[in-house]
Amino acid sequence: MNKRDLVSIKDWTEKEIEHLLYTAEKIKGYQKTNVEFHPLAGKTLGMMFAKSSTRTRISFEVGMYQLGGYALYLDTKRNLQTGRGETIEDTARVMSGYLDGIMIRTFSHDDVLKLAEYSTIPVINGLTDLLHPCQVLTDIFTFYEERGNVKGATVTYVGDGNNMAHSWLYGAARTGMNLNIASPKGYEVNKEIFEDAKKIAGNNNCTLKLFTDPVEAVKDVDLVYTDVWASMGQEEEHDARVKIFKPYQVNRELIDHADKDVLVMHCLPAHRGEEITDDVIDDAKHSVAFQEAENRLHLQKGILYLLMK
Ligand code: CP
Ligand code: NVA
């Protein structure tokens, strides 16, 4: 039997992503109207974590429970033998004998690729230093929920060229959204990922553009997105980055350059007063950050259902 993974949005076709969005919408509807839906009864998801998490951990664990299955929290540093040197390859083979799926959050993207290669069960990327596909699929779902259509809309990502920016490149390219990314010099996105995503965008009638000026990048756009300036694992760089990224703060003045009905998103956790101001993230007219956070649950239930049913 062929198993399917979600390691990068790039690996899913536009049709598959559309199907995921409809599935998540249906599953969210079941929950909101108290319709029982337990297609994963008897199935278990192993959740491997090498980094902290609030949303990813809770939404995957609760999602499995709501779908009738069970989720195991596995700390890769402190409890699993991976923390004492057992290889990813051996761990993948062993876990494939017990579980029906694995969700992993870790540092090295190569470790996730290796885990997917050696597992005979689906592997879901719950964030690496390179990509965060579940978050961007949720963001696109949230935009679709708000606006009914994503194709042709323009998104601006303001800030660090990190895992969120990279997944946005693939997410926008695959779904036909135009994407602007505004980052300071030296903190741009990975060039190979940018070129790779541009090829996909070129076949999908959408554009991916890089900027250094955030004001120019947000002009008349439909969605402004930001993320922390120092990601997990970069804590020591925080103070230096705060100075460099200051002109990239998503504040009222910046938002005023976007479309008058612009949506504002943040993957959270937010460093309020740094990459985003309180008045913007709490602005009920524009910000959908908390709807977006809730949607992690519904979108990921869609992923779990499609991969593990
Ligand atoms: N957005 C996100 O992935 O949140 P957590 O780090 O809390 O899981
Ligand atoms: N770029 C952030 C995203 C957190 C969800 C990080 O990797 O810490």
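Atoms within each ligand, like the ligands themselves, are counted from 1 in listed order.
Listed by number with element, the atoms of ligand 2 under 4.0 Å from a non-hydrogen atom of N163 are 1 (N), 2 (C), 6 (C), 7 (O). Of all atoms in ligand 2, numbered sequentially from 1 with element shown, those under 4.0 Å from a heavy atom of L127 are 3 (C), 4 (C), 5 (C), 7 (O).
Counting heavy atoms from C-beta outward, I200 and R174 have side chains that approach closer than 4.5 Å. Residues P133 and W12 have side chains not in contact (no heavy-atom distance under 4.5 Å, counting atoms from C-beta outward). In this structure, the side chains of F60 and I124 come closer than 4.5 Å at one or more pairs of heavy atoms. In this structure, M64 and M47 have side chains that are not in contact, with every pair of non-hydrogen atoms separated by 4.5 Å or more.
Taking any N or O of K51, backbone or side chain, none lies under 3.5 Å from an N or O belonging to ligand 2. By the 3.5 Å distance cut-off applied to N or O atoms, R105 is not counted among the residues near ligand 2. Considering backbone and side-chain N/O of L268, none are found under 3.5 Å from N/O of ligand 2.
Checked by atom type, the side-chain pair D196/Y170 shows a donor-acceptor distance below 3.5 Å.
The 4.0 Å heavy-atom shell around ligand 1 contains residues S53, T54, R55, T56, R105, H132, Q135, C267, L268, R296, ordered by chain and number.
With D227, D160, L131 as candidates, the residue nearest to atom 1 (N) of ligand 2 on a non-hydrogen basis is D227.
If you look at Y187 and F245, their ring centroids are closer than 6.0 Å.
Of the protein's non-hydrogen atoms, M232 N, 2.8 Å is the one closest to atom 8 (O) of ligand 2.
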Working for ring pair (Phe, Tyr, Trp, His ring centres under 6.0 Å), residues Y73 and F49: CA-CA 8 Å; Y73 177 78; F49 279 95; 5.4 Å; yes

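For the pair K43 and Y70, the cation does not sit on the ring face, since its NZ or CZ is not both under 6.0 Å from the ring centre and inside 45° of the axis.
For the atom pair L210 CG and L169 CG, the distance stands at 7.5 Å (nearest 0.5 Å).
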